[in-house]
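Each remark here refers to the structure printed beneath this line.
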There are 2 protein chains.
Amino acid sequence: MIAKCSVDYAGRLTSHLPEATRLLMLKSDGSLLVHSDGGSYKPLNWMSPPCVFETEEPTDEQREAGIVDVWKVTHKKTSDQIVVSIFEVIHDSQHELGIDPGLQKDGVEAHLQKLLAEQIDLLGDGHTLVRREYMTAIGPVDILAKDAAGSSVAVELKRRGDIDGVEQLTRYLELMNRDPLLAPVTGIFAAQEIKPQARTLAEDRGIRCLVLDYDAMRGMDIADGRLF
Amino acid sequence: MIAKCSVDYAGRLTSHLPEATRLLMLKSDGSLLVHSDGGSYKPLNWMSPPCVFETEEPTDEQREAGIVDVWKVTHKKTSDQIVVSIFEVIHDSQHELGIDPGLQKDGVEAHLQKLLAEQIDLLGDGHTLVRREYMTAIGPVDILAKDAAGSSVAVELKRRGDIDGVEQLTRYLELMNRDPLLAPVTGIFAAQEIKPQARTLAEDRGIRCLVLDYDAMRGMDIADGRLF
DNA sequence: CGGTACATCTCGGCA
DNA sequence: TGCCGAGGTGTACCG
């Protein structure tokens with residue numbers, strides 16, 4: 001629906017949208033999206049499922065203000081509520097879409113991790129894989145390996161190497177180096193792209209940075225597949 | 001537009017949506033959203049502005065497969081691309097919405113910070129406010145205060161206290177304790193809710209944790225307003 | 001414009 | 001179910 005409306009939300013925060021023309025999308029699960037003609041994919045206001053959709057008759061006061069319809073959408077669990085006051089309906093249509101077959105993805109961190117585990121010598125000559133998703137008390141290290149000398153190497157993998165990833169790896173290293181069976185553990189911060197600030201922080205902490213070429217690694221993977 | 005379509009995205013990752021009926025929203029800035037009838041506010045696929053929208057004539061091969069139109073949306077900077085192959089148009093309409101007056105919010109971190117600054121004794125008896133958003137070389141500390149003894153206290157404020165917030169405060173404390181005019185600086189990690197892992201990490205580093213009751217603080221604020 | 005921190009984040013995975 | 005990490009995150013703010 002395209003309609004002139006104002007919107008009030010009360011829940012984790014309260015917000016108000018003054019009267020303007022907007023797109024209202026009501027999905028079959030009762031959820032509601034309020035979009036403006038611009039911005040990105042995030043609606044101005046919304047209610048996520050599971051939620052209940054109700055319409056109300058406008059009060060005399062509301063009718064006097066020009067409101068022809070009131071929508072009330074309430075979340076089933078949190079009881080967050082969104083109220084849409086409709087001043088004028090410009091366009092209205094509804095359609096049966098059916099269930100969606102869903103999205104097929106490729107190229108996420110999981111794939112990068114698999115490729116790096118297969119091509120572990122990218123870490124340096126003589127490196128061997130111990131295991132992927134090596135569990136520690138504070139979470140899994142992406143890859144645990146050993147260098148040519150047999151010392152432990154912890155690898156944190158990101159698509160984009162940011163300062164957060166360095167902090168994460170630092171916490172792992174701190175913990176692992178307290179374990180006499182593992183220590184000394186060195187760190188490698190590997191990503192398709194490493195931000196200068198992240199690189200600086202990492203190197204300052206003695207963590208090696210490694211930039212990965214996803215296309216080349218995938219090419220290697222395909223080539224390997226053909227070799228065997 | 002409601003249409004039977006398949007969608008291919010190639011950019012930071014590659015993805016494919018098989019043929020199904022979906023809602024296509026094309027905004028005036030050229031951006032595109034592909035929604036299914038369910039899920040939350042996030043589209044199945046999208047292209048954020050700034051981007052260019054083009055239509056293409058289907059090739060003979062595509063026409064044979066039942067494709068009547070091809071949309072190509074390309075990001076102006078990253079050259080990410082989304083291709084929509086349209087098999088059947090079920091509904092099509094367009095509307096001029098005009099610019100949106102925008103959202104008015106209340107109840108976010110900024111408000112919490114204002115309330116805590118006003119009710120600074122929540123940090124403990126005898127605490128006094130130095131200033132909000134105290135600037136350091138690596139960013140602003142949410143609140144800088146002094147305790148009853150006159151020592152500096154840095155407060156990091158979150159709605160939800162997570163491990164990241166503790167890291168953030170730790171970086172600030174490390175820096176500020178190098179400044180002889182400020183040192184010694186102690187830390188308080190304040191949030192409406194503090195995750196157990198974050199609490200453990202904070203207390204391990206000598207950072208005090210403080211759980212805030214937003215409703216009570218707002219109540220105090222209103223009461224104060226009425227008293228004076 | 002780049003970097004940082006927040007978000008009614010959403011979403012998926014795994015304990 | 002809850003917690004935790006990743007995201008094609010988006011968005012505001014500040015340098």
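All values reported here derive from a predicted model rather than from experimental measurement. Chain letters run A, B, ... following the sequence lines, proteins first and then strands; every chain starts at 1.
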Checklist outcome for this item: Whole-Å distance, B:H35 NE2 to C:dT10 C1', equals 12 Å
Item to check | Nearest to side-chain heavy atoms of A:S15, which nucleotide of D:dG8, C:dT8, D:dA6 | outcome: C:dT8
Checklist entry - For the pair made of CG in A:D80 and P in C:dA7, what is the distance, rounded to whole Å? => result 15 Å
Item to check | Those residues that, when tested against A:R205, pass side chain to side chain contact (heavy atoms under 4.5 Å, CB included) (two or more places apart) | outcome: A:V166, A:E167, A:T170, A:L201, A:I207
Item to check | side chain to side chain donor-acceptor pair (under 3.5 Å) partners of B:K27, counting only residues at least two apart | outcome: A:H35
Checklist entry - Contact class for A:Q81 vs. all strands (heavy atom < 4.0 Å): base, sugar-phosphate, or nothing? => result nothing
Item to check | Atom pair distance, as rounded to whole Å: CG in A:L103 and P in D:dG7 | outcome: 14 Å
Checklist entry - Whole Å only: how far is the CG atom of B:L44 from the P atom of D:dG8? => result 13 Å
Item to check | Nearest-angstrom distance, C1' atom, C:dA7 to D:dA6 | outcome: 15 Å
Checklist entry - Checking all strands, does A:M47 fall into the base, sugar-phosphate, or nothing category for heavy-atom contacts under 4.0 angstrom? => result nothing
Checklist entry - Over how many whole Å does the gap from A:E133 atom CD to C:dG13 atom P extend? => result 12 Å
Checklist entry - Taking the inter-plane angle between the rings of B:F53 and B:W71 on a 0 to 90° scale, is it parallel (under 30°), tilted (30 to 60°) or perpendicular (over 60°)? => result perpendicular
Checklist entry - Taking everything shown except B:K4 itself, do over 12 heavy atoms lie less than 6.0 Å from its NZ? => result no
Item to check | Over all atoms of both residues, closest heavy-atom pair of B:D69 and B:I67 | outcome: O-CG2, 3.4 Å
Checklist entry - Looking at residues at least two apart in the chain, or sitting in another chain, which of them share a side chain to side chain contact (heavy atoms under 4.5 Å, CB included) with B:S48? => result B:W46
Item to check | Any B:W46 side-chain nitrogen or oxygen under 4.0 Å from OP1 or OP2 of D:dT9 | outcome: no
Quiz: residues 173-186 of chain B side-chain donor-acceptor pairs under 3.5 angstrom, not counting sequence neighbours:
| unit_1 | atom_1 | unit_2 | atom_2 | d |
| --- | --- | --- | --- | --- |
| B:N177 | OD1 | B:V185 | N | 2.7 |
| B:N177 | ND2 | B:L173 | O | 3.2 |
| B:N177 | ND2 | B:V185 | O | 3.2 |
| B:D179 | OD1 | B:L181 | N | 2.9 |

Item to check | With A:S28 via side chain to side chain contact (heavy atoms under 4.5 Å, CB included) - residues at least two apart | outcome: B:D37
Checklist entry - What is the distance, rounded to the nearest whole Å, between atom CZ of B:R199 and atom P of D:dC4? => result 13 Å
Next on the checklist: Taking side chain to side chain donor-acceptor pair (under 3.5 Å) as the definition, give me every residue that meets it alongside A:K76, ordered by chain and number, with sequence neighbours left out.
Outcome noted: none
Next on the checklist: Please give the distance between the C1' atoms of C:dT8 and D:dC14 as a whole number of Å.
Outcome noted: 25 Å
Next on the checklist: Once side chain to side chain donor-acceptor pair (under 3.5 Å) is applied, do any residues pair with A:Y9, and if so which ones, sequence neighbours excluded?
Outcome noted: A:D80
Within the sub-3.5 Å range, which N or O atoms of nucleotides 1-4 of chain C have a protein N or O partner, and how far apart are they?
| unit_1 | atom_1 | unit_2 | atom_2 | d |
| --- | --- | --- | --- | --- |
| C:dC1 | OP1 | B:K77 | NZ | 3.4 |
| C:dG3 | O3' | A:Q197 | OE1 | 3.4 |
| C:dT4 | OP1 | A:Q197 | OE1 | 2.2 |

All N/O contacts under 3.5 Å from nucleotides 11-15 of chain D to the protein, with atom names and distances to one decimal?
| unit_1 | atom_1 | unit_2 | atom_2 | d |
| --- | --- | --- | --- | --- |
| D:dT11 | OP1 | A:S40 | OG | 2.8 |
| D:dT11 | OP2 | A:S40 | OG | 2.9 |

Checklist entry - Between A:K27 (NZ) and C:dT10 (P), how many Å, whole number? => result 13 Å
Next on the checklist: Is the phosphate of D:dG8 approached by B:S48 (side-chain N or O, under 4.0 Å from OP1 or OP2)?
Outcome noted: no
Checklist outcome for this item: Rounded to whole Å, CD of A:Q104 lies from C1' of C:dC11 at a distance of 18 Å
